[in-house]
Amino acid sequence: MTDGIHSEPTLSEGKTYRISLACAGNGSAQLTFVPANAGTKTTVPCDKSVVQRRITADEPVRINADGARGSTGVIAWQINVV
């Protein structure tokens with residue numbers, strides 16, 4: 001979790017996607033998008049539950065998931081077209 005997730009996936013303009021994330025470990029991670037209106041900022045708990053958010057791709061999107069201070073574990077993620 002030290003490095004987090006920082007990705008600019010190739011998404012088609014005008015399409016809607018769903019990102020699914022799961023974290024296993026201790027603590028949590030913060031999911032954010034750039035631009036901010038591409039998706040809803042949320043906390044991903046490291047309790048193996050799945051968190052899903054929609055992504056609107058009107059322009060290139062950067063996805064960031066950063067571990068909270070003291071968090072340990074791994075994050076898995078997947079993006080699907082809705």
Side-chain angles (χ1 to χ4, degrees):
M1 294 243 301
T2 304
D3 294 335
I5 297 169
H6 306 284
S7 180
E8 293 182 21
T10 303
L11 305 176
S12 297
E13 185 177 333
K15 289 197 174 187
T16 301
Y17 296 84
R18 180 180 316 132
I19 184 168
S20 301
L21 299 101
C23 180
N26 295 302
S28 64
Q30 187 70 39
L31 173 65
T32 58
F33 300 91
V34 178
N37 66 351
T40 305
K41 178 180 173 178
T42 191
T43 299
V44 180
C46 289
D47 61 1
K48 300 180 189 174
S49 61
V50 177
V51 172
Q52 297 181 337
R53 290 292 179 262
R54 287 185 181 258
I55 302 171
T56 304
D58 292 330
E59 58 186 289
V61 175
R62 180 166 178 83
I63 299 167
N64 299 302
D66 294 298
R69 186 179 186 115
S71 294
T72 59
V74 296
I75 300 173
W77 59 287
Q78 177 178 330
I79 298 174
N80 295 310
V81 175
V82 174

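In this text, all values refer to a predicted model and were calculated from it rather than measured experimentally. Excluded from the calculations below are hydrogen atoms, water molecules and symmetry mates; all remaining heavy atoms, backbone and side chain alike, are included.
Between Arg62 atom CZ and Ser7 atom OG the span is 8.0 Å, to the nearest 0.5 Å. In this structure, NZ in Lys41 is found 8.0 Å from OG1 in Thr43, a value given to the nearest 0.5 Å. Atom CD1 of Ile79 and atom OG1 of Thr10 lie 10.0 Å apart (nearest 0.5 Å).
Within the 4.5 Å cutoff, side-chain heavy atoms of His6 are placed close to those of Asp66. Residues Asn80 and Tyr17 form no side-chain contact, since every pair of their non-hydrogen atoms from C-beta on lies 4.5 Å or further apart. When side chains are defined from C-beta on, Ile75 does not count as touching Val44, because their heavy atoms never get closer than 4.5 Å.
Residues meeting the side chain to side chain contact (heavy atoms under 4.5 Å, CB included) test with Thr42, sequence neighbours left out: Leu31, Val51, Arg53.
In this structure, the side chain of Thr72 does not engage the main chain of Gly25 through any donor-acceptor pair within 3.5 Å.
Within 6.0 Å of CZ on Arg54 lie no more than 12 heavy atoms contributed by other residues, nucleotides or ligands.
Contact between Pro45 and Ser28 at its shortest, heavy atoms only, is CA-CB, 4.1 Å. Listed here is the closest heavy atom pair of Pro60 and Pro35: O-CD, 3.6 Å. Of all heavy-atom pairs between Ala57 and Val61, the closest is CA-CG2, 4.3 Å.
By the criterion of side-chain heavy atoms lying less than 4.5 angstrom apart, applied directly or through intervening Ile, Leu, Val, Met, Phe, Trp or Tyr residues, Ile55 is grouped together with Val81 in one hydrophobic cluster.
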(request) Please lay out, stage by stage, how Phe33 and Asn64 fare under the test side-chain contact (heavy atoms from CB on, under 4.5 Å). (result) CA-CA 6 Å; Phe33 300 91; Asn64 299 302; over 6 Å; no
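Between the side chains of Thr56 and Asp58, no donor-acceptor pair of N or O atoms lies under 3.5 Å.
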